[in-house]
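Here the structure is a predicted model, which is why all the values come from computation and not from measurement.
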Amino acid sequence: MSKPPARIRLADAAFALFDERGYEQTTVDDIAERAGLGRTTFFRHYRSKEEVIFPDHDRLLELIRDRLATSSHSTALVTVSDAVRLVLLHYLEEGDLARRRYALTSKVAALRDREIASVARYQRLFREFIADWMGDPTESASLRAELMAANVVAAHNHVLRRWLRGESSDPVAEMDEAMREVLALFPAPGSPADTGAGTTVVAFRTSQDLEALLPSLRRLVEDGPEK
């Protein structure tokens, strides 16, 4: 039976040591030794022990940016929902690793700060996309884009945490419902609902539409960061 990829072995070793000794007391050398690998191999996959804990945000953000870039003005809200689902699917693919990360970051303040900073990057990406979609340079439109992006991220985090705590049996369905509620608050600019004259209905694709993306997400989990 073949061994798991080095990146996964390092992550497994790191979390085992964090559980046994504590995060602060574990070194890079400890992790490499437990994984049966060298220090050079560790740094080929991770820049620090902190990076072992978190998903590859740079590559995931790029995946989301690519998805957003495929939208047209009329499909922008559907694309936002798809992009949010991509993030959720990434965590679901990680499985137990994501849950172990959640438990660890809940206990270590420095890691919580890192996670908060990472969340801000996702919110900024959605805000920029939404602002461009709105095509309105006014301050009120800028505020609306910020509020919409914040609600999108909050909806994702709410569903993700429910799954991490074992409270959700179908997080993808919950995510779709959460996004329907969020996006219903922000009708398309110039639509009847935007002017108070009617209601905007946003169509969403089912989770099956993204099944073809799972191989890419698996590679995102298993491969090391590109230098």
For the atom pair [atom1] ([X]) and [atom2] ([Y]), what is the distance rounded to the nearest 0.5 Å?
X	Y	atom1	atom2	value
Ile53	Arg100	CD1	CZ	11.5 Å
Leu111	Glu50	CG	CD	6.0 Å
His156	Ser81	NE2	OG	11.5 Å
Leu160	His90	CG	NE2	10.5 Å
His57	Arg121	NE2	CZ	7.5 Å
Glu146	Arg124	CD	CZ	10.0 Å

Just jot down the salt bridge (Lys or Arg N to Asp or Glu O under 4.0 Å) partners of Arg9, sequence neighbours excluded, or say none.
none
Regarding Ser168 and Glu174, do their side chains bring together a donor and an acceptor under 3.5 Å, going by distance alone?
yes
If you measure only the distance, is there a donor-acceptor pair under 3.5 Å linking the side chains of Asp136 and Thr138?
yes
Applying side chain to side chain contact (heavy atoms under 4.5 Å, CB included) to Ala98 and not counting sequence neighbours gives Tyr91, Glu94, Arg101, Trp163, Leu164
Could you pull out all residues at least two apart from Asp66 that satisfy side chain to side chain contact (heavy atoms under 4.5 Å, CB included)?
Glu62
What are the two closest heavy atoms between [X] and [Y], and how far apart are they?
X	Y	result
Leu183	Leu77	CD1-O, 3.4 Å
Ala155	Ala178	CB-CB, 4.1 Å
Leu68	Ser71	O-OG, 3.0 Å
Leu92	Pro171	CD2-CG, 3.7 Å
Ser106	Arg112	O-NH1, 2.9 Å
Lys49	Glu24	NZ-O, 3.7 Å

Short question: side chain of Asp132, backbone of Glu128 - any donor-acceptor pair under 3.5 Å?
no
Close side-chain approach of [X] to [Y], heavy-atom, < 4.5 Å:
X	Y	answer
Tyr46	Val28	no
Lys107	Tyr23	no
Arg161	Asn157	yes
His45	Thr41	yes

Output all residues satisfying ring pair (Phe, Tyr, Trp, His ring centres under 6.0 Å) with Phe129, sequence neighbours left out; order by chain, then residue number.
none
Hey, can you pull the donor-acceptor pairs under 3.5 Å for the side chains in residues 10-22, sequence neighbours left out?
unit_1: Glu20; atom_1: OE1; unit_2: Arg34; atom_2: NH2; d: 2.9
unit_1: Glu20; atom_1: OE2; unit_2: Arg34; atom_2: NH1; d: 3.2
unit_1: Arg21; atom_1: NH1; unit_2: Asp30; atom_2: OD2; d: 3.2

Verify the neighbour count for atom CD of Glu33: are there more than 12 heavy atoms of other residues, nucleotides or ligands below 6.0 Å?
no
Could you walk me through whether Val152 and Tyr122 satisfy the side chain to side chain contact (heavy atoms under 4.5 Å, CB included) test, starting with their C-alpha distance in whole Å, then the side-chain angles of each, then the deciding distance to 0.1 Å, before giving a yes or no?
CA-CA 10 Å; Val152 165; Tyr122 289 94; over 6 Å; no
I'd like to check the side-chain hydrogen bond (donor to acceptor under 3.5 Å, both in side chains) partners of Ser74; sequence neighbours left out, ordered by chain and number.
Ser72
Under 4.5 Å between side-chain heavy atoms, hopping through other hydrophobics if needed: is there a path connecting Phe126 to Ile116?
no
